[in-house]
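Just below is one structure, and these are the notes that go with it.
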Amino acid sequence: MRGFFVSGDEQRAMDKYQPELIEPKWQRVWDEARAFNVPNPVPGEPGAEPHWYQLEMLPYPSGNGMHMGHVLNYTMGDVVTHIRRRSGATVVRPMGWDSFGLPAENAAIREGGHPREITERNIATIRAQMKRLGWAIDWDREVASHDPAFYRWTQWLFLRFYEQGLAYRREAPVNWCPNDQTVVADAYIVDGHCERCGAQIEFRNMTQWFFKTTAYADELRAFELPSGGAWPERSVTGQRNWIGRSEGAEVLFRVDDLDIDLPVFTTRPDTLFGATFFVVAPEHPFVEAHASDEAREYARLAGAKRTEERAAETEKTGVFTGRYATNPVNGAQLPIWVADYVLMDYGTGAIMAVPAHDERDREFAETFALPVVTVIDDDGHLVASGGFDTLPAEEAKRAIVDWLHEQGRGAPAVSYRLRDWSFSRQRYWGCPIPIVYCDDCGIVEVPDEDLPVLLPDIDDYQPKGKAPLASNEEWINVDCPKCGGPARREADTMDTFVDSSWYFLRYVDPHNDRAPFDRHVVDYWLPVDLYIGGIDHLNGHLLYSRFFVKAMNDFGMLGFREPFARLFHQGWVQMGGTKMSKTKGNVMGPDELVAEYGADAVRMYILFMGPADQDMEWTESGIEGIVRFLRRLWRAVHEVAERAPERGPGTSALARTAHRTIAKVTDDVLRRIQFHTPISAMMELLNELSDDPAAADARFAAETAVSLVQPYAPHIAEELWGVLGHERLWEEAWPVADPSLLERDTFELVVQVNGKVRDRFEVDVSLSGDELVALALASERVRAHIDGATVRKTIVVPRKLVNFVVG
RNA sequence: GCCGGGGUGGCGGAACUGGUCAGACGCGCCCGACUUAAAAUCGGGUGCCUUCGGGCAUGCGGGUUCGAGUCCCGCCCCCGGCACCA
């Protein structure tokens with residue numbers, strides 16, 4: 001039986017590296033010492049400086065527990081936490097649970113039980129897994145989004161957004177998942193399928209709640225990161241592409257016989273004279289109101305198709321509506337068509353068609369034999385455009401929009417790809433929306449003092465196309481908070497991404513029962529110094545959180561405009577070429593590995609597998625290398641403790657290696673956010689130390705190795721720190737490299753002839769360039785290549801090489 | 001199509017600002033020591049070719065440079081995001 005330990009002779013047991021004995025021991029010590037709990041600043045006083053907010057995306061408490069992707073994510077954060085702490089910063093590193101959401105509700109339907117019980121059981125499992133890995137977390141700050149003490153403030157924040165017009169209700173076509181029986185946000189649809197369950201998404205017209213993310217489109221594109229802040233290039237451009245800003249103009253086309261205006265958005269007002277027809281989307285209200293029967297029939301069929309289906313069609317389709325629109329620049333009567341290549345949810349849902357200068361319009365014109373009028377020549381100047389002829393296209397854009405503006409028929413406009421975030425969900429296990437509908441008063445807010453609107457316990461979660469809460473008569477019927485008359489509660493719940501849009505603010509003030517957080521406290525800790533999480537949340541969670549913070553800053557609730565100063569995306573841990581996930585069934589958890597090799601080995605191995613920002617294929621084979629490293633470290637340190645002299649002056653080659661290792665580990669983790677190369681460097685240090693554990697600077701090298709390995713493998717490090725006669729390594733100052741010892745006192749001079757290496761030998765670093773050349777010329781192997789030729793040029797690179805150019 | 005990231009030994013990868021015959025560190029493999037044996041551990045070897053002088057090697061083809069995995073130009077392939085967005 002593994003780990004079974006009978007004898008009381010602990011000393012003997014400790015001769016061997018036995019992680020199953022030392023790891024629980026140190027976890028207990030840290031727990032009792034409250035090693036990783038940090039206080040908030042006292043009101044009215046400045047907080048400790050410097051400080052660091054280390055955050056990783058909070059986990060969803062899945063029934064499968066953690067997989068190796070989680071282990072990677074949180075171990076990275078842990079390494080940074082330890083190094084920052086020991087470098088003198090006050091580091092807050094919290095943890096919590098994204099604990100509302102569909103999987104628990106579906107599990108309850110499948111297996112019985114209540115989503116709350118299932119969720120809380122899962123949380124307990126994962127918390128235990130986390131503790132077994134020894135992560136440095138301030139558990140006093142734990143929050144869970146399903147806890148009324150948390151969601152009370154989610155509701156409170158919703159009401160502030162509502163009051164500011166940033167949360168609103170309207171009927172709109174929304175993405176409907178027929179399997180989960182609820183609305184899905186745009187960002188969480190992959191190839192037209194529900195990201196969570198894989199079902200094909202349908203469109204439905206529903207009255208839904210929206211956050212007005214588009215109100216912040218330009219600011220979200222801008223990125224107002226604090227100085228020193230940095231997001232990966234791909235993340236910034238990814239969000240910008242998602243927001244998709246286009247500059248152009250809105251132009252009014254008149255339908256004379258109906259006496260109405262149809263607005264269009266165009267990025268090419270310079271081509272206005274080339275418009276030969278006009279197209280509206282199938283869903284455009286104009287179709288139902290004014291189009292021919294044939295056109296209405298077409299619109300009904302086309303509108304039922306999904307966008308991808310429409311895009312995949314090779315032939316353009318459409319029907320003439322029987323109506324005409326007047327081109328405001330020349331009075332031309334343009335036939336109005338309805339066609340499914342025009343989308344209702346971009347621009348105005350109507351376009352002016354310029355087949356000469358737009359590929360899609362040209363295809364349509366070719367299919368239906370519509371005229372083509374060229375209005376820009378090969379040199380980019382306008383032709384056949386009345387008074388605007390000969391103007392360059394860019395100038396013409398401005399001139400034509402100016403002219404339209406004077407006529408009251410157009411204005412500059414900006415259009416975005418980004419749409420408002422629909423966040424109401426027709427499911428049970430989520431945060432109730434604190435709204436009441438009254439026949440007399442309309443939409444009424446639940447007063448702050450009545451929060452939280454508690455999620456009632458119900459038995460039937462079965463999705464029926466409407467929210468389960470809607471059938472709960474006892475809960476749904478309330479008195480109107482305004483007039484006291486009969487009213488009904490909102491039965492939809494909030495998307496879980498509402499919870500995660502502000503959880504990082506609650507972490508720093510988790511027990512506040514008067515407000516979601518105290519501004520003084522939030523302004524002290526935030527913005528988050530380093531946020532680690534998957535890039536899959538780029539256009540969802542990461543965008544929503546930025547929106548929330550910008551809005552709350554405008555509300556005066558906090559003093560910054562970006563939540564995350566520096567962002568890092570870990571790569572996927574894959575199995576069989578795909579990302580580990582429950583739905584794919586390829587989940588590998590840490591438990592068996594920890595039982596077999598110990599937490600330290602698992603932590604270190606997941607970081608050693610490769611660059612942390614690249615995808616990696618999970619394989620267990622390499623973990624042996626890490627286990628060997630830890631055993632060799634164990635043995636070497638014990639030998640050093642017995643045999644090495646006390647710390648000396650420390651200028652030997654070994655001491656220099658130790659200093660170089662300090663510099664490398666520190667720089668790689670803190671500046672480069674790279675975790676695997678420091679492990680290589682520590683292995684090299686150990687290799688050199690093991691050559692002679694009784695050497696002059698062996699003690700210094702061993703102490704350095706143990707100290708540097710602590711963020712990666714804190715348990716063995718703490719144990720070996722004790723072997724070396726010290727205690728409380730977790731509080732020990734992070735080592736600092738002595739710059740004067742980073743360089744060797746000799747180096748290997750490379751001598752090249754015409755760029756080819758001909759000789760190499762050790763020389764003293766103090767030698768001058770002339771002396772190096774003289775030494776190089778003295779080499780017989782070099783002479784063999786330059787004798788009889790003329791040296792045309794000599795290149796000396798200090799501390800590196802001499803290159804003779806001959807011929 | 002547009003945007004972003006990549007192609008280096010049998011494998012994961014290193015080489016951060018062009019400069020120590022590219023290949024650190026680890027895995028795997030081969031040889032040896034210890035052992036009755038195995039595990040563990042320790043030592044050595046491990047890009048390719050070679051007539052043993054050396055030659056060839058970082059997806060392919062050019063270029064810049066005394067010197068290129070690294071910079072420039074042109075291709076090929078792989079991965080990710082967006083995509084009938086007017």
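Chain identifiers are assigned alphabetically (A, B, ...) following the order of the sequence lines, protein sequences preceding nucleic acid strands; residue numbering begins at 1 within each chain.
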>> Need one value for A/Arg635: base, sugar-phosphate or nothing, where a base atom within 4.0 Å counts as base even if backbone is also close, heavy atoms only.
In response: sugar-phosphate
> What is the distance, rounded to the nearest whole Å, between atom CG of A/Asp345 and atom P of B/rA86?
Replying inline: 13 Å
> Going by the angle between their ring planes, with limits at 30° and 60°, are A/His537 and A/His541 parallel, tilted or perpendicular?
Replying inline: perpendicular
> Nearest to the side chain of A/Met683, which nucleotide is it out of B/rA86, B/rC84, B/rG26?
Replying inline: B/rG26
> From the list B/rA86, B/rC66, B/rG13, which nucleotide is the closest neighbour of the side chain of A/Lys793?
Replying inline: B/rC66
> Over how many whole Å does the gap from A/Phe629 atom CZ to B/rG12 atom C1' extend?
Replying inline: 18 Å
> Taking atom C1' of B/rA14 as reference, at what distance in whole Å does atom CD of A/Glu684 sit?
Replying inline: 9 Å
> Where the side chain of A/Pro611 is concerned, which of B/rC84, B/rA24, B/rG13 is the nearest nucleotide?
Replying inline: B/rG13
> Which word best sums up how the rings of A/Phe364 and A/Phe277 line up, parallel for under 30°, tilted for 30 to 60°, or perpendicular for over 60°?
Replying inline: parallel
>> Rounding to an integer number of Å, can you tell me how far A/Glu596 CD sits from B/rA39 C1'?
In response: 14 Å
> Is A/Val342 touching bases, backbone alone, or none of the nucleic acid, heavy atoms closer than 4.0 Å?
Replying inline: base
> With respect to the phosphate group of B/rG28, does any side-chain polar atom (N or O) of A/Arg628 fall under 4.0 Å of OP1 or OP2?
Replying inline: yes
> If you look at every strand shown and take non-hydrogen atoms under 4.0 Å, does A/Asp340 touch a base, only sugar-phosphate, or nothing?
Replying inline: base
> Where the side chain of A/Tyr298 meets the backbone of A/Thr317, is there a donor-acceptor pair that is under 3.5 Å apart?
Replying inline: yes
>> Nearest to the side chain of A/Arg417, heavy atoms from C-beta on, is which of B/rC16, B/rG26, B/rC82?
In response: B/rC82
>> Does B/rG54 count as syn, meaning its glycosidic angle lies within 90° of 0, or as anti?
In response: anti
> Distance between the P atoms of B/rC16 and B/rG59, in whole angstroms?
Replying inline: 16 Å
> So which nucleotide from B/rG4, B/rC85, B/rC16 ends up closest to the side chain of A/Arg360?
Replying inline: B/rC85
> So which nucleotide from B/rA86, B/rG67, B/rG26 ends up closest to the side chain of A/Arg632?
Replying inline: B/rG26
> Rounding to the closest angstrom, what is the interatomic distance between B/rU8 and B/rC60 at atom C1'?
Replying inline: 15 Å
>> How many whole angstroms separate atom CG of A/Asp615 from atom P of B/rG81?
In response: 11 Å
> Any side-chain N or O of A/Ser246 less than 4.0 Å from the OP1 or OP2 oxygen of B/rA86?
Replying inline: yes
> Does B/rU41 have OP1 or OP2 sitting under 4.0 Å from an N or O in the side chain of A/Arg631?
Replying inline: yes
> If you look at every strand shown and take non-hydrogen atoms under 4.0 Å, does A/Gln752 touch a base, only sugar-phosphate, or nothing?
Replying inline: base
>> For A/Trp242, is there any backbone N or O sitting under 3.5 Å from a side-chain donor or acceptor partner on A/Arg417?
In response: yes
> Rounding to a whole Å, what distance do you find between A/His357:NE2 and B/rC84:P?
Replying inline: 23 Å
> Reckon A/His676 has a side-chain N or O less than 4.0 Å from the OP1 or OP2 of B/rA14?
Replying inline: yes
> If only atom types and distance count, is the side chain of A/Gln574 paired as donor or acceptor with the main-chain N or O of A/Asp615 below 3.5 Å?
Replying inline: no
> Quick one: is A/Asn241 getting a side-chain N or O under 4.0 Å of the B/rC85 phosphate, OP1 or OP2?
Replying inline: no
> Starting at CZ of A/Arg672 and ending at P of B/rC16, how long is that distance when rounded to a whole Å?
Replying inline: 7 Å
>> Taking the ring centre of each residue, are A/Phe368 and A/Trp337 less than 6.0 Å apart?
In response: yes
> Of all the choices, B/rC66, B/rC42, B/rG19, which nucleotide is nearest to the side chain of A/Val805 once you look at every atom?
Replying inline: B/rC66
> Nearest to the side chain of A/Lys664 - B/rA15, B/rA86, B/rU41?
Replying inline: B/rA15
> For the side chain of A/Thr237, counting heavy atoms from C-beta on, which of B/rC84, B/rC3, B/rC66 is nearest?
Replying inline: B/rC3
>> Whether the side chain of A/His357 engages the backbone of A/Val375 through a donor-acceptor N/O pair (distance < 3.5 Å, no angle test) should be reported.
In response: yes
> Taking the side chain of A/Ser680 as its heavy atoms from C-beta onward, which of B/rG26, B/rA24, B/rC27 lies nearest to it?
Replying inline: B/rA24
